Amino acid sequence: MAPRTVLAVLFDGLLSLDVTGPLEVFAGADLLSPGAYRIRTASLDGAPVRTTSGLTLVPDESLAGAKDPDILLVPGGPGTLRPDPRLVDWVRERGPRAARLVSVCTGAAVLAGAGLLDGRRATTHWAYCDRLAREHPAVEVDPDPVYVRDGHISTSAGVTAGIDLALALVEEDLGRDAALTIARHLVVFLRRPGNQAQFSAQLAAQTAHREPLRDVQRWITDHPEADLSVDTLADRARLSPRHFARAFRAETGMTPGRYVDRVRLEQARRLLEDTADGVEEIARTSGYGTPEAMRRAFVRTLGTPPAEYRRRFRPATTP
């Protein structure tokens, strides 16, 4: 099989991990299966570029002289928010020629600016989703997933999500065992499902300012199976239920009940993906009590029952 060429686009103001993370995945795959991938990097004029961390990257060639790749990778970073028009023009012309067009983080803004995401579903770093949707209304922006694959175009969220997407591509090319081996060497998960939330319930909510409320947040996370009613949590915070509910929402941005729902769903998803525990046991340890209650929560939030979620997203071999 001929090597699949991976071409990473370089420009000033890119986030170094958006490039090095995915490329390390493809490089690892090439070590595991020699000749699987051939990695190249290119900038507009073939000149070195400066990353946000201060690293200088020296490209292999200029974009003008680069051959059409199998995988074209556009990283993110501040340099994508007001990109060089020549870069956008090059991506507009050459992007459709790649068998797979991939963006990491705000690299999606370059693809959108080139008109390549019009009519497609896409994602980017959660902090820039609103901006992407506002500036490119023809793009269906989904702020939740780690990555989105729509046809031959794949977009991913911030930084490490590019590694998840690269692992997914390697798994598609070389199989699950190869991707699992690479993930183990990189000490990362194989692999977060594309529709997994970009951040956990704890990160989705703000951290409370006051220690009693922060303690309650930690308690909920550590004990999803416990009685997490407002009365019980208020007692733990030594506040009246009404005062607690009002203060919790003001300091975290969500109601106690919503926060508990997110924590329990996240716990159940993780157990379905990473363990062989039965649905009944997972429902109990995640705080749902019964499999039927957990099934209703999954269908309401994710649109799929727990058994189907496990079938789709649990790796065949758990590391």
Side-chain angles (χ1 to χ4, degrees), residues 4-31 37-63 66 69-84 86-88 90-91 94-95 98 100-114 122-129 131-132 146-148 154-170 179 182-192 198-199 203:
R4 296 172 178 84
T5 303
V6 180
L7 178 65
V9 176
L10 305 183
F11 48 85
D12 286 325
L14 65 84
L15 199 65
S16 57
L17 193 56
D18 284 1
V19 173
T20 59
L23 293 190
E24 287 293 344
V25 172
F26 293 119
D30 193 64
L31 286 174
Y37 296 97
R38 179 173 176 266
I39 297 171
R40 304 290 292 173
T41 57
S43 67
L44 273 171
D45 301 312
V49 302
R50 186 83 165 174
T51 72
T52 56
S53 61
L55 293 175
T56 296
L57 302 181
V58 180
D60 296 307
E61 57 192 326
S62 69
L63 288 174
D70 297 294
I71 301 173
L72 179 60
L73 174 70
V74 181
T80 65
L81 301 181
R82 291 181 177 83
D84 189 312
R86 295 178 299 158
L87 176 64
V88 177
W90 187 91
V91 170
R94 302 290 292 277
R100 292 165 170 159
L101 180 56
V102 175
S103 70
V104 181
C105 196
T106 58
V110 177
L111 303 191
T123 194
T124 186
H125 190 287
W126 62 269
Y128 294 93
C129 283
R131 175 171 176 166
L132 183 65
V146 173
Y147 59 83
V148 169
S154 300
T155 53
S156 59
V159 192
T160 57
I163 295 176
D164 294 298
L165 179 52
L167 284 168
L169 297 177
V170 168
I182 297 163
R184 282 173 169 164
H185 281 292
L186 295 177
V187 198
V188 296
F189 289 107
L190 173 73
R191 57 180 163 79
R192 288 186 294 175
Q198 290 193 25
F199 38 66
L203 291 179

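Heads up: numbering here begins at 1 and tracks the sequence. As the structure is a prediction and not an experimental result, all values here were calculated from the model.
A distance-only check finds a donor-acceptor pair linking the side chain of Thr80 to the backbone of Thr106 [under 3.5 Å]. Asp12 contributes no side-chain N or O that, together with a main-chain N or O of Val49, makes up a donor-acceptor pair within less than 3.5 Å. Looking only at distances, a side-chain donor or acceptor of Ser156 sits under 3.5 Å from a matching main-chain atom of Ser103. Using modelled atom types, no side-chain atom of Thr5 and backbone atom of Arg38 make a donor-acceptor pair closer than 3.5 Å. The closest donor-acceptor contact from the side chain of Thr52 to the backbone of Gly13 lies at 3.5 Å or more, if one exists at all. Checking side-chain atoms of Arg94 against main-chain N and O of Ala66 turns up a donor-acceptor pair under 3.5 Å. When atom types are taken as modelled, the side chain of Asp45 and the backbone of Ala47 share no donor-acceptor pair closer than 3.5 angstrom.
Here Ile182 contributes atom CD1 and Phe26 contributes atom CZ; the two are 9.0 Å apart, rounded to the nearest 0.5 Å. To the nearest 0.5 Å, the span separating CZ on Arg40 from CG on Leu23 amounts to 12.5 Å. To the nearest 0.5 Å, atom CG of residue Leu169 and atom OH of residue Tyr147 are 8.0 Å apart. One finds the OG1 atom of Thr160 at 11.5 Å from the CG atom of Leu165 (value rounded to the nearest 0.5 Å). Taken to the nearest 0.5 Å, the OG atom of Ser16 stands 11.0 Å off from the CG atom of Leu10. The CG atom of Leu101 sits 5.0 Å away from the CG atom of Leu111 when rounded to the nearest 0.5 Å.
Taking both residues in full, the closest heavy atoms of Phe11 and Pro75 are given as CZ-O, 3.5 Å, listed atom of the first, atom of the second, then distance. Smallest separation of non-hydrogen atoms from Leu72 and Ala98: CB-CB, 3.9 Å.
By the 4.5 Å heavy-atom criterion applied to side chains, Thr20 and Leu55 are not counted as neighbours. The closest side-chain heavy-atom distance from Leu14 to Val19 is below 4.5 Å. In this structure, the side chains of Leu81 and Arg131 come closer than 4.5 Å at one or more pairs of heavy atoms. Proximity of Trp90 to Val9: side-chain heavy atoms (C-beta onward) are separated by under 4.5 Å at one or more points. Taking the side chain as every heavy atom from C-beta outward, Leu15 and Val104 never approach each other to under 4.5 Å.
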* Apply the test side-chain contact (heavy atoms from CB on, under 4.5 Å) to residues Thr155 and Thr124: give CA-CA distance (whole Å), side-chain angles for both, the deciding distance (0.1 Å), then the verdict. => CA-CA 7 Å; Thr155 53; Thr124 186; over 6 Å; no
